[in-house]
Every structure is written in C-alpha cells, then in structure tokens.
Engineer: 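Submitted below is the structure of interest, expressed as structure tokens.
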Amino acid sequence: GGAAGARAALAAKQAGASVILAVKGELGVMGVRGAGATGSGTPRYLHMFSSMAKRFNIADEVESYYKRAIRAGLGIADRHMVRTLVDGALEAKKNMETWGLVLGSDNPENPGGIECNITPMPGLANMVRASHEINALQHTMVTDLLVEDNICKGVIAVHEENAEPVMIKAGAVILATGGCAQLFSFSFHPPCITGDGYAMG
C-alpha cells in the first residue's frame with residue numbers, strides 16, 4: 001500500500017493488466033518514512049540533491065550526489081544500485097511532476113533545481129482510487145506465495161478484520177512490502193515494515 005506498490009499497480013494497469021492491490025493496512029496511509037522525515041512526524045520523501053544548480057550543471061550536480069550517497073553509505077552501499085538511483089532520479093522527478101506530486105525545493109534560491117521534496121502519498125493512492133480498473137483490497141495481509149512447478153501463480157492472504165483466508169490467482173506477482181526495519185532494535189520506520197516480502201521471496 002505504499003508508493004512502490006501503488007506505482008506498480010498503476011504501471012500494470014497502464015500495460016493492460018487486470019490488477020489487484022493487496023494492502024496490509026489502508027491504501028495511502030502506511031508507508032516508509034524517508035530520510036527527509038520532518039520533526040513534526042510528517043512522512044515525506046527527500047531527494048537529497050545538493051543545491052548547486054547555480055554553480056554546477058545538472059550532470060555535475062548528479063555526480064556530486066552520487067559521491068555523497070557513497071560516502072553516506074560508509075562502505076555498504078551497492079555502487080551499481082546507487083548509480084541507478086542517481087541516474088534515474090531526474091526522469092522519475094519529471095514523471096512525478098506530471099502527476100502533480102512534486103512539492104518544490106526547500107531552497108528558496110533554487111526553486112527550479114533538482115533538489116525537491118516529493119510526497120508519493122497520498123497522490124499515488126488517490127490515482128489508484130480514481131482508477132476503476134484496480135481492485136484495492138485493504139486490510140489484507142499476503143502471507144505466502146502460490147508456487148507450482150517453480151512458477152509463482154498467485155498469493156495466499158488473510159483479511160485482517162475477519163481473519164478470513166483469501167486466495168488470489170495471478171499471472172504475475174509483484175512484492176512491494178518495504179524493508180525489514182522492525183527486525184532491528186532501533187528504527188524510525190513505521191511498524192508495518194516487517195520484511196514480509198523478503199520472507200516470502
């Protein structure tokens with residue numbers, strides 16, 4: 001039910017698929033709190049590009065962000081994945097702008113720069129709700145994958161309000177369940193980030 005799940009559901013619908021989105025909580029409410037979470041507790045995602053648009057061109061600014069991300073990772077960041085993130089950020093920002101999801105830069109001197117706060121929710125959730133072709137099953141926790149001959153053919157889920165089991169057969173399954181932050185003693189992620197997708201995968 002977070003940004004990745006909603007985005008995947010929208011992309012699948014646009015590709016012509018019949019889509020079911022199983023959400024552990026409420027669509028648009030439960031999601032990852034990003035590194036840009038404010039002190040007030042308002043969830044938001046932050047593109048951590050530096051405000052260097054006046055001094056560097058875009059390519060140099062992106063390269064600067066790559067180096068900052070590698071340093072911040074203290075040796076454990078996957079360089080290929082960081083490169084993919086950085087190189088794809090500008091295109092992702094453009095896509096989000098077409099959906100009206102970009103709030104703008106925190107830096108008043110650089111309102112048009114690539115540093116910006118992006119709040120995927122509730123914007124993406126509203127797009128899913130507006131689509132009559134996506135069936136969002138709320139309070140439905142997926143517990144296992146249906147696998148036959150090493151091919152995933154759907155999922156088993158439980159409706160959390162009445163404990164009824166649900167079987168969903170599908171031609172393709174996308175796991176978008178967030179990370180596993182609740183496995184650690186200290187975390188600023190919400191309690192729904194429990195590694196469900198990792199365990200099923």
Engineer: Less than 4.5 Å apart, any side-chain heavy atom of T140 and any of V158?
Structural biologist: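 No - every pair of side-chain heavy atoms lies 4.5 Å or more apart.
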Engineer: Do you know which two heavy atoms are closest between V19 and A12, and how far apart they sit?
Structural biologist: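 Smallest heavy-atom distance, with atoms named: CG2-CB, 3.7 Å.
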Engineer: Side chains of L10 and V128: does their closest heavy-atom pair fall under 4.5 Å?
Structural biologist: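 In short, these two side chains touch, coming nearer than 4.5 Å.
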Engineer: State yes or no: do I156 and V147 share one hydrophobic cluster built from I, L, V, M, F, W and Y residues joined by side-chain heavy-atom distances below 4.5 Å, directly or via other members?
Structural biologist: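 Different clusters: I156 never reaches V147 through Ile, Leu, Val, Met, Phe, Trp or Tyr contacts under 4.5 Å.
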Engineer: Same cluster or not: V166 versus I20, using hydrophobic residues (I, L, V, M, F, W, Y) connected whenever any side-chain heavy atoms lie under 4.5 Å apart?
Structural biologist: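 Same cluster.
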Engineer: Out of curiosity, D196 CG to D144 CG, how far, rounded to the nearest 0.5 Å?
Structural biologist: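 If I round to the nearest 0.5 Å, the distance is 11.5 Å.
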Engineer: Ignoring hydrogens and angles, tell me if any N or O in the side chain of R129 forms a donor-acceptor pair with the backbone of L27 under 3.5 Å.
Structural biologist: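 A pair under 3.5 Å: yes.
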Engineer: Between E63 and R68, does any side-chain N to carboxylate O distance fall below 4.0 Å?
Structural biologist: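 No salt bridge links E63 with R68.
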Engineer: Between L21 and N135, is there a side-chain heavy-atom distance shorter than 4.5 Å?
Structural biologist: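 A side-chain contact under 4.5 Å is absent here.
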Engineer: Once rounded to the nearest 0.5 Å, what's the spacing between atom CD1 of I168 and atom CG of L137?
Structural biologist: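 Rounded to the nearest 0.5 Å, the CD1-CG separation comes out at 5.5 Å.
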Engineer: Is any side-chain heavy atom of L175 closer than 4.5 Å to a side-chain heavy atom of L145?
Structural biologist: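 L175 vs L145: side chains touch.
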Engineer: Tell me if the CZ atom of R79 is crowded by more than 12 foreign heavy atoms within 6.0 Å.
Structural biologist: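 Check fails, neighbour count at 12 or below.
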Engineer: Kindly indicate whether the side chain of Y65, heavy atoms from C-beta on, has any atom under 4.5 Å from the side chain of L85.
Structural biologist: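 Y65 vs L85: side chains touch.
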Engineer: Tell me the closest heavy-atom pair linking G179 and Y198, and the distance in Å.
Structural biologist: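 Of all heavy-atom pairs spanning G179 and Y198, the closest is CA-OH, 3.7 Å.
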Engineer: What's the spacing between C192 SG and E26 CD if we round to 0.5 Å?
Structural biologist: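 Separation between the atoms: 12.0 Å.
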Engineer: Taking the side chain from N162 and the backbone from E164, do they hold a donor-acceptor pair closer than 3.5 Å?
Structural biologist: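 Between the backbone of E164 and the side chain of N162 there is a qualifying donor-acceptor contact (under 3.5 Å).
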Engineer: Can you check whether V62's main-chain N or O pairs, donor with acceptor, with S64's side chain at less than 3.5 Å?
Structural biologist: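 No.
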Engineer: V86 and Y66: which non-hydrogen atoms are nearest, and at how many Å?
Structural biologist: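 Nearest pair, atom of V86 first, then Y66: CG2-CA, 4.0 Å.
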Engineer: With a 3.5 Å distance limit and no angle check, can you tell me whether K153 reaches the backbone of A170 through a side-chain donor-acceptor pair?
Structural biologist: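 No; zero donor-acceptor contacts below 3.5 Å.
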Engineer: Would you check if H139 and V23 make a side-chain contact, meaning some heavy-atom pair closer than 4.5 Å?
Structural biologist: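 The answer is no, as the side chains (C-beta and beyond) never meet within the 4.5 Å cut-off.
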Engineer: State, to 0.1 Å, how close V82 and A77 come at their nearest heavy-atom pair, and which atoms those are.
Structural biologist: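 Closest pair (atom of V82, atom of A77, distance): CG2-CB, 3.9 Å.
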Engineer: Can you see which heavy atom on A3 is nearest to which on L124, and at what distance?
Structural biologist: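 Nearest pair, atom of A3 first, then L124: O-CD1, 3.7 Å.
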Engineer: For residues V142 and A22, report the shortest heavy-atom separation together with the two atoms involved.
Structural biologist: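 Looking at all heavy atoms of both residues, the closest pair is CG2-CB, 3.8 Å.
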Engineer: Using a strict threshold of under 4.0 Å (side-chain N to carboxylate O), is an ion pair present between K13 and E133?
Structural biologist: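 Answer for the salt bridge query: no.
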Engineer: Run the numbers on T177 and K24 for side chain to side chain donor-acceptor pair (under 3.5 Å), then give the verdict.
Structural biologist: CA-CA 9 Å; T177 58; K24 184 168 24 173; over 6 Å; no
